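These numbers come from a predicted model, not from an experiment.
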Amino acid sequence: MAEDAKWYVIHTYSGYENAVAAAIMKAAENRNMTDLIHEVNIPMETVTEFTDAGEKTVERKVFPGYVLCKMVLTDESWHLIHNVRGATGFVGSGGKAVPLTEQEIYDLGVERHEIVTGYGVGDNVKVIDGPLAGFNGVVEELEPEKDRVRVVVSMFGRETPVDLNLDQVEEIND
């Protein structure tokens, strides 16, 4: 059933996000519905605020009044969410809950899929995808959290740095 689990957005009363998230997980445990309700997430961001007292770093909600829930949507799980105090319902159209797309989930940073590369800075790599496919180069910079790699490629006798996705290059094994 885990394949059917999708991320849904639940609208809450403002300020009740943490209480709603805790209540959803508690209700799922109490009703033996942990196979339907997998995870609850409140997207947070770290912000530095400058005040008269100086600078301070605080965590704040990215979407106040909303909670994200990874779940299998059935009649039972729908009723569980609607019966939680502070939750007003799902975000969607026409009264139907609409799941988030894979791209939206990735953009929100809710789920991170770790990409393991077989190469590092200074390694020789070959570009295997995109307009520079077939070119060889040297890894200059590696940013796995941004899914980026900077490769210095020799084009027309000049060294040119190129930013690529991690899956667009592969290590050259000599």
Side-chain angles (χ1 to χ4, degrees), residues 1-50 56-118 127-133 141-151 162-170:
M1 261 192 166
E3 298 83 67
D4 300 328
K6 293 184 171 35
W7 284 97
Y8 292 91
V9 181
I10 300 166
H11 189 262
T12 69
Y13 294 132
S14 187
Y16 280 73
E17 299 89 355
N18 294 334
V20 167
I24 289 170
M25 291 309 293
K26 183 118 176 116
E29 287 175 21
N30 291 344
R31 297 180 187 169
N32 293 324
M33 293 175 62
T34 53
D35 58 328
L36 297 177
I37 311 284
H38 295 260
E39 187 179 342
V40 179
N41 187 310
I42 303 167
M44 303 290 277
E45 65 183 348
T46 304
V47 178
T48 303
E49 293 180 350
F50 297 96
K56 66 178 181 177
T57 305
V58 296
E59 288 265 319
R60 79 172 170 207
K61 295 171 183 73
V62 178
F63 305 110
Y66 296 94
V67 172
L68 304 178
C69 183
K70 185 174 187 174
M71 60 187 283
V72 178
L73 190 61
T74 63
D75 289 341
E76 296 139 345
S77 61
W78 187 90
H79 284 290
L80 182 142
I81 299 298
H82 276 272
N83 290 327
V84 168
R85 173 176 270 139
T88 60
F90 290 96
V91 172
S93 62
K96 291 192 170 231
V98 177
L100 294 172
T101 64
E102 290 290 325
Q103 187 61 46
E104 290 169 332
I105 294 164
Y106 180 78
D107 291 343
L108 289 172
V110 175
E111 285 186 350
R112 290 284 181 209
H113 300 285
E114 187 174 326
I115 298 174
V116 178
T117 59
V127 181
I128 58 172
D129 187 31
L132 299 175
E141 201 175 307
L142 193 59
E143 297 178 278
E145 64 281 350
K146 293 183 180 177
D147 190 33
R148 306 296 291 162
V149 60
R150 175 169 285 159
V151 178
V162 181
D163 286 334
L164 300 165
N165 290 337
L166 292 174
D167 60 354
Q168 287 184 287
V169 297
E170 67 180 16

Chemist: Show your reasoning for whether salt bridge (Lys or Arg N to Asp or Glu O under 4.0 Å) applies to Arg150 and Glu141.
Modeler: CA-CA 5 Å; Arg150 175 169 285 159; Glu141 201 175 307; 3.6 Å; yes
Chemist: Could you check whether any side-chain heavy atom of Asn18 comes within less than 4.5 Å of a side-chain heavy atom of Lys61, counting everything from C-beta outward?
Modeler: yes
Chemist: After noting the C-alpha distance and the side-chain angles of Phe63 and Val9, does the key distance pass the side chain to side chain contact (heavy atoms under 4.5 Å, CB included) rule?
Modeler: CA-CA 10 Å; Phe63 305 110; Val9 181; over 6 Å; no
Chemist: List the steps and the verdict of ring-ring contact (aromatic ring centres under 6.0 Å, His included) for His11 and Tyr66.
Modeler: CA-CA 5 Å; His11 189 262; Tyr66 296 94; 5.0 Å; yes
Chemist: Is there a side-chain contact between Leu100 and Lys6 in this structure, where contact means two heavy atoms from C-beta onward sitting under 4.5 Å apart?
Modeler: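 Contact flag for Leu100/Lys6 side chains = no.
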Chemist: Would you say His38 and Val72 make side-chain contact, with heavy atoms under 4.5 Å?
Modeler: yes
Chemist: For Thr46 and Glu59, indicate whether the former's side chain and the latter's backbone hold a donor-acceptor pair under 3.5 Å.
Modeler: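 Absent.
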Chemist: Could I get the full list of salt bridge (Lys or Arg N to Asp or Glu O under 4.0 Å) partners for Arg60, not counting sequence neighbours?
Modeler: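 Result, salt bridge (Lys or Arg N to Asp or Glu O under 4.0 Å) vs Arg60: Glu45.
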Chemist: Do the non-hydrogen side-chain atoms of Trp7 and Asn41 ever get within less than 4.5 Å of each other?
Modeler: yes
Chemist: Could you check if a side-chain atom of Leu80 sits within less than 4.5 angstrom of a side-chain atom of Leu36, using non-hydrogen atoms only?
Modeler: no
Chemist: Can you name the closest pair of heavy atoms from Ala87 and Val20 and give their distance?
Modeler: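 Shortest heavy-atom contact: N-CG2, 3.8 Å.
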Chemist: Do Ile81 and Met71 come close enough that some side-chain heavy atom pair is under 4.5 Å?
Modeler: yes
